[in-house]
Participant: 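There's a structure below that I have some questions on.
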Amino acid sequence: MARHTRSTSGASAAPTPPSPLDLEPDRVIPIDETTKRRMHFRSVVKLFVATSSPNFMLPWQMSRQEACTGSGFVISNRRIMTNAHVVRDHTTVRVRRHGRSDKFSARVLCINHSCDLALLTVEDDAFWEDLPALGISSSIPNLYDSTLVVGYPLGGDNICVTRGIVSRVSTLSYEEQKYYVLHPELLVIQIDAAINSGNSGGPVFTENGLVVGVAFSGYAGSADNIGYIIPHPVIENFLGEYERDGSSDGICDFGFSYQLCENESLRARYKLQPPNSGILVTKVSPLGPGAAAGLQAEDVILSIDGHKIANDGTIDFRNDERLSFHFAITNLSLKTSCKIDVLRAGKKKTLTSVPGATPVLIEQHRQPGSSPPYLIVGGIVFTPLSRGLLDVAVESLSEEAWQAGRKPKKYHDQDVIVIISILAHPINHGYGIRRLPLLTHCNNKEVRNMCELKAEVDKVKSGFLEFRLATGKCIILNAAECRKSEPEILKTFAIPSPCSASLLGASDGDASAAAAPASPPATAQSKGRGGKRGRTEATQAHQERSLRKKQPRK
């Protein structure tokens with residue numbers, strides 16, 4: 001919780017097939033250790049990132065600006081790899097080389113939050129002088145292999161090196177996916193070297209001098225010496241997708257929920273007899289790749305892309321190691337077909353699916369430069385439910401809105417619309433909210449998204465506007481009085497526009513440019529610990545424990 005042909009050295013009898021990694025092959029460079037390590041350090045850079053995220057409770061404003069630091073390393077084609085969470089919500093990114101004092105302006109090329117990887121580049125040629133690209137290992141390290149973590153964690157300004165071993169190879173979700181059902185897991189390597197805030201995005205080396213992964217998370221619980229790195233298969237898929245499409249967004253999944261088949265009676269009910277084994281599908285997302293391939297609830301998935309699934313949901317990996325079947329899915333490249341063997345009513349059936357990212361109902365990450373949609377009608381502020389809003393207002397959310405946000409997405413343009421505030425004005429006197437309510441209808445018509453809501457409001461030139469809530473309550477306003485009071489409400493609360501740019505339309509896009517300015521920058525802090533920014537380890541752990549205590553219903 002990511003592209004180019006692979007270079008070869010010397011003459012070869014047969015040409016090497018192209019690979020998304022235009023990097024050096026796995027070989028030991030015959031140079032002394034001191035020279036080798038200096039070369040590593042020279043290609044590891046420190047990132048200085050200014051960030052500003054939207055204020056989701058006041059969506060026409062931006063939150064206070066923050067300054068953060070992280071790590072990165074140079075790969076082929078004048079690119080720098082780092083973690084997505086290091087440059088999330090960035091406004092500016094600057095890069096400093098090891099042993100240098102000047103900082104160079106960097107441009108973000110691609111961000112994939114699902115695999116927590118990002119690519120940057122620097123336009124200034126002076127930055128790239130005598131700066132070699134690091135080679136990425138094409139293999140997954142074995143247990144007890146030595147590793148070297150290099151980066152710029154908290155505690156100093158210079159480069160920092162820690163040594164450890166590979167403790168475990170497993171699968172984990174790279175993101176804190178709290179608010180929806182599906183939890184795709186990617187391959188992850190656990191090491192016992194220290195990975196602290198600021199190490200995020202830095203390389204992890206093997207003994208032969210190749211990058212074996214990208215440091216991205218440390219464990220914030222009570223255990224010590226647990227760190228996680230992003231391994232080669234995830235990096236290769238990320239780079240391959242970027243090279244092919246010019247972007248990378250999401251990871252492969254089929255969009256289904258499942259149940260393990262370890263119970264004997266359960267297996268008998270679904271006629272799952274040896275040598276067959278698998279997992280039982282309980283729900284299928286209507287818009288997911290699984291549904292498109294014909295996957296149905298109560299199918300038993302026997303194998304995915306040739307990987308036979310055991311009744312405990314694991315597949316063979318290597319030697320005596322086993323991994324979750326999620327690896328067979330998330331390790332696939334997007335837009336490449338694969339076979340799914342299922343048992344349906346006791347009969348085997350083979351489905352063909354093109355893996356993709358299942359659309360989610362609650363937006364997880366905003367697009368760079370975008371702001372949350374909102375609409376103000378008579379002082380009533382409507383906005384779609386998003387992860388950013390949940391992070392700041394989950395305790396204020398109504399039960400109806402909470403449950404609606406956890407359902408699978410049925411339509412590509414579907415929103416969960418809530419009221420986040422009522423701006424006090426005589427026109428809305430008598431209306432109030434204690435918890436953010438879910439909007440279901442406007443003028444007796446079910447509204448699917450924010451655009452439909454605005455269209456319904458604009459239709460009514462006279463008479464009444466009626467907003468029906470999931471609780472059964474309603475808000476009724478005089479349409480003419482709403483339009484008359486709008487300038488006064490906007491002026492009173494210093495709001496630049498009655499709706500966001502996405503609802504104004506292309507012709508009115510300039511009206512959204514008057515977003516409220518961000519506050520002055522805060523002191524610089526390092527990024528790390530799986531995407532948590534500007535927090536020490538103790539503070540982060542405390543806040544995570546507090547959040548869990550405050551959310552018993554999850």
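In what follows, every heavy atom counts, from backbone to side chain, and hydrogens, waters and symmetry copies are set aside. We count residues from 1, following the sequence as given.
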Participant: Check whether Thr121 reaches the backbone of Ile80 with its side chain - one donor and one acceptor, N or O, closer than 3.5 Å.
Facilitator: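 The answer is no, because no donor-acceptor pair under 3.5 Å joins these two groups.
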Participant: Under 3.5 Å, is there a donor-acceptor pair between the side chain of Arg435 and the main chain of Glu395?
Facilitator: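 Yes.
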Participant: Within this structure, what is the OH-CD1 distance for the pair Tyr374 and Ile417, rounded to the nearest 0.5 Å?
Facilitator: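 One finds 15.5 Å between OH of Tyr374 and CD1 of Ile417.
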Participant: Main chain of Ser76, side chain of Arg79: is a donor-acceptor contact present, judged purely on distance under 3.5 Å?
Facilitator: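 At least one qualifying donor-acceptor pair exists.
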Participant: Do Asp89 and Thr51 have a side chain donor and acceptor closer than 3.5 Å?
Facilitator: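 No, no side-chain donor-acceptor contact under 3.5 Å.
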Participant: Test side chain to side chain contact (heavy atoms under 4.5 Å, CB included) on Met450 and Leu375; report intermediate values, then the result.
Facilitator: CA-CA 8 Å; Met450 291 292 291; Leu375 175 66; 3.9 Å; yes
Participant: Are any side-chain N or O atoms of Asn83 and backbone N or O atoms of Gly201, one a donor and one an acceptor, separated by less than 3.5 Å?
Facilitator: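 A pair under 3.5 Å: yes.
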Participant: For Gly250 and Asn112, work out which heavy atoms get closest and say how close.
Facilitator: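 Nearest pair, atom of Gly250 first, then Asn112: O-ND2, 3.1 Å.
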Participant: Listed by chain and number, what are the ring-ring contact (aromatic ring centres under 6.0 Å, His included) partners of His365, not counting sequence neighbours?
Facilitator: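 Once residues adjacent in sequence are excluded, the partners of His365 under the ring-ring contact (aromatic ring centres under 6.0 Å, His included) criterion are His113.
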Participant: With sequence neighbours excluded, tell me which residues meet salt bridge (Lys or Arg N to Asp or Glu O under 4.0 Å) with Asp125.
Facilitator: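 Salt bridge (Lys or Arg N to Asp or Glu O under 4.0 Å) list for Asp125, sorted by chain: Arg78.
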Participant: If we ignore hydrogens and angles and just use 3.5 Å, is the side chain of Ser43 paired with the main-chain N or O of Val74 as donor and acceptor?
Facilitator: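 Not a single qualifying donor-acceptor pair exists.
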Participant: What distance separates Ser200 OG from Leu47 CG, expressed to the nearest 0.5 Å?
Facilitator: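 That separation rounds to 11.0 Å.
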Participant: Taking atom types as modelled and ignoring hydrogens, do the side chains of Glu363 and Ser386 form a donor-acceptor contact shorter than 3.5 angstrom?
Facilitator: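 Side-chain D/A pair, Glu363 to Ser386: absent.
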Participant: Evaluate the side chain to side chain contact (heavy atoms under 4.5 Å, CB included) criterion for residues Phe41 and Val161: first the C-alpha distance (whole Å), next the side-chain angles of each, then the deciding distance (0.1 Å), finally the verdict.
Facilitator: CA-CA 9 Å; Phe41 296 167; Val161 182; 3.5 Å; yes
Participant: If we only count heavy atoms from C-beta on, is the Arg107 to Leu120 side-chain gap below 4.5 Å?
Facilitator: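 Heavy-atom side-chain distance check fails, nothing below 4.5 Å.
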Participant: Less than 4.5 Å apart, any side-chain heavy atom of Phe56 and any of Ile420?
Facilitator: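 Phe56 does not reach Ile420 side chain to side chain.
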Participant: Is there a side-chain contact between Arg163 and Thr147 (heavy atoms, below 4.5 Å)?
Facilitator: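 Counting from C-beta outward, Arg163 and Thr147 never come under 4.5 Å.
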Participant: Specify the closest pair of heavy atoms between Met57 and Val392, including all atoms of both residues, with the distance to one decimal.
Facilitator: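 Distance-wise, the nearest heavy atoms are CG-CG2, 4.1 Å.
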Participant: What distance separates Asp145 CG from Ile165 CD1, expressed to the nearest 0.5 Å?
Facilitator: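 Rounded to the nearest 0.5 Å, the CG-CD1 separation comes out at 9.5 Å.
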Participant: Would a distance-only check, ignoring hydrogens and angles, find a side-chain to backbone donor-acceptor pair under 3.5 Å from Asn449 to Cys451?
Facilitator: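 The answer is yes, because a donor-acceptor pair under 3.5 Å joins these two groups.
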Participant: For a quick test of reading the model, state the closest non-hydrogen atom pair linking Glu185 to Thr330 and the distance between them.
Facilitator: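 Looking at all heavy atoms of both residues, the closest pair is O-OG1, 2.7 Å.
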Participant: Output the distance between atom CG (Leu323) and atom OG (Ser170), rounded to the nearest 0.5 Å.
Facilitator: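 Output value for this atom pair is 6.5 Å.
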Participant: For a quick check under 3.5 Å, do Ser247 and Asp249 share a side-chain donor-acceptor pair by atom type?
Facilitator: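 Their side chains do not contain a donor-acceptor pair, so the 3.5 Å distance test is not met.
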Participant: Identify the heavy atoms of Val149 and Ala194 that sit nearest to each other, and give their distance.
Facilitator: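 Result for this residue pair: CG1-O, 4.3 Å.
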Participant: Under the side-chain hydrogen bond (donor to acceptor under 3.5 Å, both in side chains) rule, collect the residues that match up with Thr92, sequence neighbours excluded.
Facilitator: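 Listed in chain order: nothing, the list is empty.
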Participant: Would you find a donor on one side and an acceptor on the other, under 3.5 Å apart, between the side chain of Asn199 and the backbone of Ser71?
Facilitator: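 Checked: no pair found.
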Participant: Indicate yes or no for a side-chain donor-acceptor contact from Ser146 to the backbone of Glu207 under 3.5 Å, with no hydrogens or angles considered.
Facilitator: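 Not a single qualifying donor-acceptor pair exists.
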Participant: Under 3.5 Å, is there a donor-acceptor pair linking the side chains of Ser139 and His232?
Facilitator: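 Their side chains do not contain a donor-acceptor pair, so the 3.5 Å distance test is not met.
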Participant: When you look at Phe327 and Leu186, which way does the side chain to side chain contact (heavy atoms under 4.5 Å, CB included) test go after all the steps?
Facilitator: CA-CA 6 Å; Phe327 173 68; Leu186 292 90; over 6 Å; no
Participant: Between Ser167 and Asp192, do the side chains contain an N or O donor and an N or O acceptor separated by less than 3.5 Å?
Facilitator: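 No, Asp192 and Ser167 have no side-chain donor paired with an acceptor closer than 3.5 Å.
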Participant: Do Ile433 and Ile422 have side-chain heavy atoms sitting under 4.5 Å apart?
Facilitator: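 A side-chain contact under 4.5 Å exists here.
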Participant: In Å, rounded to the nearest 0.5 Å, how long is the span from CZ of Phe104 to CZ of Arg94?
Facilitator: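 Atom-to-atom, Phe104:CZ and Arg94:CZ are 10.5 Å apart.
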Participant: Output yes when a side-chain donor or acceptor of Asp253 lies under 3.5 Å from a complementary backbone atom of Pro355, and no otherwise.
Facilitator: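 The answer is no, because no donor-acceptor pair under 3.5 Å joins these two groups.
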Participant: Taking the side chain as C-beta and beyond, is there a heavy-atom pair between Val214 and Val204 under 4.5 Å?
Facilitator: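 A side-chain contact is absent here, since even the closest heavy-atom pair is not under 4.5 Å.
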Participant: How far apart are the C-alpha atoms of Tyr228 and Ile195, what are their side-chain angles, what is the distance that settles it, and do they pass the side chain to side chain contact (heavy atoms under 4.5 Å, CB included) test?
Facilitator: CA-CA 8 Å; Tyr228 297 103; Ile195 296 180; 5.8 Å; no
Participant: So do Lys409 and Ile362 actually touch side chain to side chain, heavy atoms under 4.5 Å?
Facilitator: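 Side chain of Ile362 against side chain of Lys409, heavy atoms only: no contact under 4.5 Å found.
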Participant: Which heavy atom of Val122 sits nearest a heavy atom of Ser105, and at what distance?
Facilitator: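 Scanning both residues, the minimum pair turns out to be CG1-O, 3.7 Å.
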Participant: Is there side-chain contact between Arg42 and Leu131, with at least one heavy-atom pair below 4.5 Å?
Facilitator: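 The answer is yes; the side chains approach within 4.5 Å.
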Participant: Might you point out which heavy atoms bring Leu143 and Val169 nearest each other, and give the distance in Å?
Facilitator: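 Smallest interatomic distance, heavy atoms only, reads CD2-N, 4.1 Å.
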Participant: May I ask you to test the Phe73-Val150 pair for a side-chain heavy-atom distance under 4.5 Å?
Facilitator: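 No, their side chains stay 4.5 Å or more apart.
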Participant: Is a donor on one side and an acceptor on the other found under 3.5 Å between the side chain of Thr171 and the backbone of His326?
Facilitator: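 No, Thr171 side chain to His326 backbone: no donor-acceptor pair under 3.5 Å.
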Participant: Checking Asn55 against Ser63: is there a side-chain donor and acceptor pair closer than 3.5 Å?
Facilitator: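 On atom types as modelled, these side chains do not qualify, holding no pair under 3.5 Å.
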Participant: Are Arg96 and Asp157 ion-paired here, with the side-chain N under 4.0 Å from a carboxylate O?
Facilitator: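 Salt bridge: yes.
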Participant: As an exercise, state the distance from CG of Leu438 to CG of Leu385, rounded to the nearest 0.5 Å.
Facilitator: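 Between atom CG of Leu438 and atom CG of Leu385 there are 9.0 Å.
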